[in-house]
Amino acid sequence: MTGQTVELRSDAASHGHEHDHDHHHDRHEDHVHVDGKTIVLQEAVLAKNDRLAERNRGWLQGRHVVALNLVSSPGSGKTTLLEQTIRALSHELRIQVIEGDQATVNDAERIRSTGCRVVQINTGVGCHLEADMVARGLEQLAPVPDSIVMIENVGNLVCPALFDLGEQAKVVVLSVTEGEDKPLKYPHMFRAAQVLLLNKIDLLPHLSFDVTRCIEYAKSVNPHLEVFLVSAISGEGMQSWYKWLRAQVQALERATAC
C-alpha cells in the first residue's frame with residue numbers, strides 16, 4: 001500500500017465532546033458534560049485505554065517497530081516536519097504514518113505524496129487518538145518489521161497527554177510562533193513527553209520569542225526532556241532530530257536481540 005491513503009472513522013470518542021476551551025484534566029479523572037452537569041468518570045476509561053495501549057506496545061515490539069506519538073497545538077508544523085523527515089530518511093529508515101484529525105484526509109494526502117504508507121483516522125468530535133483507534137490503524141497499516149510508525153495525534157496539548165497509545169515515546173512539537181510559557185500552561189503534556197522539538201526557528205529573527213526561557217520552563221516541568229531546535233522549512237537542526245530517530249531504532253534492535 002505504498003503511497004496509499006486508508007481512511008478510518010472512529011466511534012464517538014470517550015469524551016463525547018469537543019474542546020474549544022482550555023481546562024484541567026487530572027490523570028485519574030475525565031469528564032463529559034450532560035445537561036449542564038459534570039459527570040466524573042473515575043479510572044475506568046483510562047485504565048481500559050492503558051490495557052489496550054500495552055497490547056499495542058507488545059504487538060509493535062514483537063515486530064521490531066518503533067512507534068512515536070507526535071503531539072502539539074494546531075499549527076505547530078507537525079505535518080511539515082513529518083514530510084521533511086520522511087523525505088530525508090527514506091533511503092535508510094522505513095517510516096509509516098498514522099494521521100489523526102477530527103476531519104478531512106488533507107494531512108494524510110500530504111504524507112502520501114512522499115510515497116509513505118499512511119492511514120488516516122478521523123475522530124469526529126473526539127479531541128485525541130486513543131489506543132483502540134491506533135490498534136485499528138495498525139491493523140490497516142500493517143507496518144513492516146524493523147520500521148518506524150509515526151502517529152500524528154490530533155492538534156491538542158491537553159487530552160493526548162493522558163492517553164497512552166502504546167508508543168515508545170511522546171514527541172511534543174512547539175512552534176516559536178507560540179508563547180514560550182506553553183510548557184508551564186500545559187505541564188502534563190511536557191511532563192509526559194520524552195522529546196521537545198522547538199520548531200520554526202527560522203522565524204526567530206522576526207519574533208520576540210525567548211528560546212532560553214522556553215527551554216528553562218520545559219526543563220522545570222520535565223528535567224529529562226531532550227530538546228532539539230529545528231526548522232522543517234530551512235532544515236536547520238534537523239540532523240540532530242534524525243540522529244535521535246536512528247538511535248531509537250538501534251536501541252530497539254539491541255533490546256530485541258537479547
Side-chain angles (χ1 to χ4, degrees), residues 6-34 38-63 65-74 78 96-103 107 119-143 148-173 186-195 221-222 248 252:
V6 177
E7 182 180 2
L8 298 178
R9 295 186 181 276
S10 76
D11 297 328
S14 60
H15 275 50
H17 69 288
E18 294 185 63
H19 288 275
D20 295 322
H21 56 285
D22 292 340
H23 62 275
H24 171 76
H25 279 288
D26 185 79
R27 175 63 181 85
H28 297 296
E29 291 185 353
D30 205 350
H31 65 269
V32 295
H33 299 297
V34 179
T38 299
I39 300 175
V40 177
L41 305 177
Q42 298 295 336
E43 298 180 357
V45 170
L46 290 172
K48 177 182 178 182
N49 183 83
D50 287 348
R51 288 194 298 272
L52 293 171
E54 282 304 315
R55 187 180 302 170
N56 287 347
R57 187 170 289 109
W59 189 93
L60 289 160
Q61 289 177 349
R63 288 159 179 77
V65 175
V66 174
L68 302 175
N69 183 1
L70 274 64
V71 293
S72 77
S73 298
K78 284 199 309 297
Q96 302 122 114
V97 175
I98 294 177
E99 278 288 340
D101 284 298
Q102 289 189 320
D107 287 352
V119 169
Q120 173 76 51
I121 299 176
N122 286 342
T123 62
V125 298
C127 58
H128 57 273
L129 292 175
E130 297 181 12
D132 64 327
M133 302 177 194
V134 170
R136 292 172 55 208
L138 289 171
E139 183 179 355
Q140 292 293 324
L141 189 64
I148 297 176
V149 171
M150 298 282 201
I151 305 167
E152 185 175 354
N153 216 317
V154 179
N156 180 352
L157 282 177
V158 183
C159 305
L162 299 175
F163 284 82
D164 184 5
L165 305 179
E167 72 270 13
Q168 183 170 319
K170 280 186 175 68
V171 177
V172 60
V173 182
Y186 301 93
H188 298 295
M189 178 59 77
F190 288 84
R191 193 173 295 125
Q194 285 72 44
V195 173
V221 170
N222 182 353
Q248 304 317 297
L252 182 60

For [X], side-chain contact (heavy atoms from CB on, under 4.5 Å) partners two or more places apart:
X      : answer
Val154 : Gln102, Thr123
Glu54  : Arg57, Asp164
Ala135 : Asn56
Arg55  : Leu52

Which atom pair, heavy atoms only, marks the closest approach of [X] to [Y]?
X      : Y      : answer
Lys78  : Gly155 : NZ-CA, 4.2 Å
Ala53  : Ala131 : N-CB, 3.5 Å
Lys170 : Phe163 : NZ-O, 4.0 Å

Close side-chain approach of [X] to [Y], heavy-atom, < 4.5 Å:
X      : Y      : answer
Arg63  : Pro143 : no
Val158 : Met189 : no
Ile98  : Leu138 : yes

Donor-acceptor pair, side chain of [X] and main chain of [Y], under 3.5 angstrom:
X      : Y      : answer
Glu167 : Leu165 : yes
Gln194 : Ala192 : yes
Asn153 : Val71  : no

Which distance, rounded to the nearest 0.5 Å, do you find between the [atom1] of [X] and the [atom2] of [Y]?
X      : Y      : atom1 : atom2 : answer
Gln120 : Glu99  : CD    : CD    : 5.5 Å
Ser73  : Leu157 : OG    : CG    : 3.5 Å
Lys48  : Glu130 : NZ    : CD    : 9.0 Å

Exercise. Not counting sequence neighbours, which residues clear side-chain hydrogen bond (donor to acceptor under 3.5 Å, both in side chains) with Gln96? List them please.
Key: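 In terms of side-chain hydrogen bond (donor to acceptor under 3.5 Å, both in side chains), with neighbours along the sequence ignored, Gln96 is linked to Arg117, Ser147.
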
Quiz item: Can you name the residues that form a side-chain hydrogen bond (donor to acceptor under 3.5 Å, both in side chains) with Asn49, not counting sequence neighbours?
Solution: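 For Asn49 there are no side-chain hydrogen bond (donor to acceptor under 3.5 Å, both in side chains) partners, ignoring immediate neighbours.
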
Quiz item: Please walk me through it: do Val149 and Leu68 pass side-chain contact (heavy atoms from CB on, under 4.5 Å)?
Solution: CA-CA 6 Å; Val149 171; Leu68 302 175; over 6 Å; no

Practice problem: Verify side-chain contact (heavy atoms from CB on, under 4.5 Å) between Asn122 and Asp101, making sure each step is shown before the conclusion. | Solution: CA-CA 5 Å; Asn122 286 342; Asp101 284 298; 4.2 Å; yes

Quiz item: Just one of Leu129, Val97, Val119, Leu70 clears the side chain to side chain contact (heavy atoms under 4.5 Å, CB included) bar with Ile151, so which one?
Solution: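 With Ile151 as partner, side chain to side chain contact (heavy atoms under 4.5 Å, CB included) holds for just one option, Leu129.
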
